[in-house]
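The chains referred to below are lettered A, B, ... by the order of the sequence lines, with proteins before strands, and numbering in each begins at 1.
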Amino acid sequence: MKQKVIYWFRQDLRLSDNPALTQACQMGQIIPIYILDHRHAGDGKQGGATCVWLHHALTSLHQDLDQKLLCYQADPIDILQTLCQQHQVKHVYWNRCYEPWRMERDRDIKSTLQATGIQVHSDNGSVLWEPWTIQKTDGTPFKVFTPFYRKGCLQADPPRQPLSKPGAMVLADIDNPKNTIDALNLLPKKFKWGQTLATHWNISEKGAHNQLQTFLSIGIKHYKEGRNFPAKPYTSQLSPYLRFGQISPNQVWHAALQLGNNADIDHFLSELGWREFSYHLLYHNHQLPTQNLQPKFDRFPWQEDATKLAAWQTGNTGYPMVDAGMRQLWQTGYMHNRVRMIVGSFLVKNLLLHWHHGERWFWDCLVDADMASNSASWQWIAGCGADAAPYFRVFNPITQGQKFDPEGQYVKRFIPELKHLPGEFIHCPWQAPSLVLKAAGIQLGHHYPEPIVDVKASRQAALDAFAALKQEQ
DNA sequence: TTTTGAGTTGTTCGA
DNA sequence: GTCGAACAACTCAAA
């Protein structure tokens, strides 16, 4: 009888292309475990939408593991030590995480286990290039995306080829009826939001690969241009699967490369590069989720306005493009990338609310909420990041809507009360003549809100505030 | 060593 | 109606 080893699933909830799991299978019978560790979720608590996703992802993984996955909610070191003792385990395997606080936790766990004669084996299962392998020739980290990607990533060793499922996986038979997924209490109790969310997705490793195949056969062919149009099916929608490791970036990278070489494919690969860049930034800036990368933004006169924030969160700003995005987020746990930029710019540069509010709301509502990507992207749109959007780049929700959702298909999908409004006014209902509004069955302020701010005036206020920051320096 | 041009995603204004 | 300039400051990397 082969010895028992522990495989600790973390952000790699899959069997294929799983380097540490493949190693573990060669060493012995697998005890597969998952540990819910809220203490190390980042800001103290995992977001609501990711909890729902996690519940379904674990359920699917449990099935793929012959109903043998053991789930725990406690300090990982206690769980690991107890299990090792009970089952005479001498080897523990996992794929590495890259958030600074998780790396610190894992270092502690590794040294504690090693002190008791247990070997820990870790591998890279979730990034194309580990953050410490990409640096400038002078040894310091990159701060600008393009050189990071072109000079750093593309000149480094290419991402490894994906592995297949471990051929001979033997699962240890451990009866432990208490350690169920349900006991983790991941689903919200009070309302049906979590159920609605889950209907929009096939939350499994198989579902991830179906999504990839759909994208490769349809979306990627028009990706470079098409990705900007939220009503069109040209984005991959792989982000939540990547977030939970139900598919690996290596699997996605090589599947796209196999299609050949053109501008659409290159552009898609560079989006995987942005994911790497976010991890790179977080690795080198532990305070990325909470502190402005550019300290002068600490003096920015952010407003506090609970009413405006609530209007933004619930999709009631009166700007259809913004509201459609926020409602898509609430209903599906997802938002199209172009629209994320529009709502982000609107929060920060029109409502003048701190990007923290947006970062927290996205953290709670997005099924793909990832600490590195979320905080790096909010700093980017707010203009305080390392390689940020210039402060004067303020998205106009009307112009953006007319450009990227010209017929208002996207808006009407998520704001059905506007569905009879002619395309001419779909992004600016308050400009429609009263007869037109009446014919469309809309009374502004009743069926759909009046604009809560004037974009022209608020944009100017933001620009003035930014200009003041500059002068004070 | 210093200089120089470029850098994901935009808007407005005036000629 | 179209088009170029202006809207910062700073990092990076090639020359």
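Atom P of nucleotide B/dT9 and atom CG of A/Asp405 are separated by 21 Å, given to the nearest angstrom. Following rounding to the nearest Å, A/Gln460 (CD) and B/dG10 (P) show an atom-to-atom distance of 19 Å. We find that CZ of A/Phe404 is positioned 9 Å from C1' of B/dG10, with the value rounded to whole Å. As rounded to whole Å, 15 Å separates atom P of C/dA5 from atom CZ of A/Phe392. Rounded to an integer number of Å, the gap from CZ of A/Arg150 to C1' of B/dG7 is 9 Å. Look at CZ on A/Phe346: it is 16 Å from C1' on B/dG10, rounded to the nearest Å. Going from atom CG of A/Leu463 over to atom P of C/dA6 covers 17 Å, rounded to whole Å. The nearest whole Å value for the distance from the CZ atom in A/Phe300 to the P atom in C/dA8 is 14 Å.
Atom CZ of A/Arg150 is surrounded by 12 or fewer heavy atoms from other residues, nucleotides or ligands within 6.0 Å. With a 6.0 Å radius and a threshold of 12 heavy atoms from other residues, nucleotides or ligands, A/Gln460 has its CD atom above the threshold.
DNA chain C is contacted by no residue of residues 323-336 of chain A, taking any non-hydrogen atom closer than 4.0 Å. Listed in residue order, the members of residues 276-285 of chain A having a heavy atom less than 4.0 Å from DNA chain B come to none.
Using a cut-off of 4.0 Å between Lys/Arg side-chain N and Asp/Glu carboxylate O, A/Asp12 and A/Arg96 are scored as not salt-bridged. Of the charged side-chain nitrogens involved, none lies within less than 4.0 Å of a carboxylate oxygen, so that A/Asp64 and A/Lys165 do not count as a salt-bridged pair.
With sequence neighbours left out, the ring pair (Phe, Tyr, Trp, His ring centres under 6.0 Å) criterion links A/His420 to no other residue. In this view, A/Tyr7 and A/Phe9 satisfy the ring pair (Phe, Tyr, Trp, His ring centres under 6.0 Å) rule, not counting sequence neighbours. A/Glu407 pairs by the side chain to side chain contact (heavy atoms under 4.5 Å, CB included) definition with A/Gln409, not counting sequence neighbours. Among residues two or more places apart in sequence or in another chain, the side chain to side chain contact (heavy atoms under 4.5 Å, CB included) test is passed with A/Thr332 by A/His200, A/Gln328, A/Tyr334, A/Phe414. Not counting sequence neighbours, A/Tyr279 has no partner by the ring pair (Phe, Tyr, Trp, His ring centres under 6.0 Å) test. For A/Trp302, the ring pair (Phe, Tyr, Trp, His ring centres under 6.0 Å) criterion is met by A/Phe300, A/His354, not counting sequence neighbours.
Looking at heavy-atom distances under 4.0 Å, A/Lys403 makes contact with sugar-phosphate atoms alone, never a base.
Of the P atoms belonging to B/dT3 and C/dA8, the separation is 24 Å, rounded to the nearest Å. For the P atoms, the distance linking C/dA5 with B/dA6 amounts to 14 Å, nearest Å. B/dG10 and C/dG1 have their P atoms separated by 22 Å, given to the nearest Å.
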Dump the pairs, protein N or O against N or O of nucleotides 12-15 of chain B, anything under 3.5 Å, distances to one decimal.
unit_1, atom_1, unit_2, atom_2, d
B/dT12, OP1, A/Asn396, ND2, 3.3
B/dC13, OP1, A/Lys456, NZ, 3.2

Could I get a table of every N or O pair under 3.5 Å where one atom is in the protein and the other is in nucleotides 12-15 of chain C?
unit_1, atom_1, unit_2, atom_2, d
C/dC12, OP1, A/Lys136, NZ, 3.4
C/dC12, OP1, A/Lys143, N, 3.2
C/dC12, OP2, A/Lys136, NZ, 2.8
C/dC12, O5', A/Lys136, NZ, 3.4
C/dA14, OP1, A/Lys151, NZ, 3.1

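Side-chain atoms of A/Lys206 and A/Asn210 form a donor-acceptor pair, as typed in the model, at a separation below 3.5 Å. Looking only at atom types and distance, the side chain of A/Asn396 has no donor-acceptor partner in the side chain of A/Gln400 under 3.5 Å away. Between A/Glu130 and A/Tyr98, the side chains place a donor N or O and an acceptor N or O closer than 3.5 Å (distance only, hydrogens not considered). Side-chain atoms of A/Gln161 and A/Asn250 form no donor-acceptor pair, as typed in the model, at a separation below 3.5 Å. Checked by atom type, the side-chain pair A/Asp323/A/Tyr448 shows a donor-acceptor distance below 3.5 Å.
For the pair A/Ile109 and A/Pro76, the tightest heavy-atom approach, listed with the atom from each and the gap, is CD1-CB, 3.8 Å.
Dashed line: the shortest gap from a side-chain N or O of A/Gln400 to OP1 or OP2 of B/dT11 is under 4.0 Å.
For DNA chain B, each stem of at least three Watson-Crick or G-U pairs (distances under 3.5 Å) is given as range with range: B:2-7 with C:10-15, B:10-15 with C:2-7.
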Please list every donor-acceptor pair under 3.5 Å in which a side-chain atom of residues 425-447 of chain A meets a protein atom from a residue at least two apart or in another chain.
unit_1, atom_1, unit_2, atom_2, d
A/His427, NE2, A/Gly401, O, 3.1
A/His427, NE2, A/Asp405, O, 2.9
A/His447, ND1, A/Gln443, N, 2.8

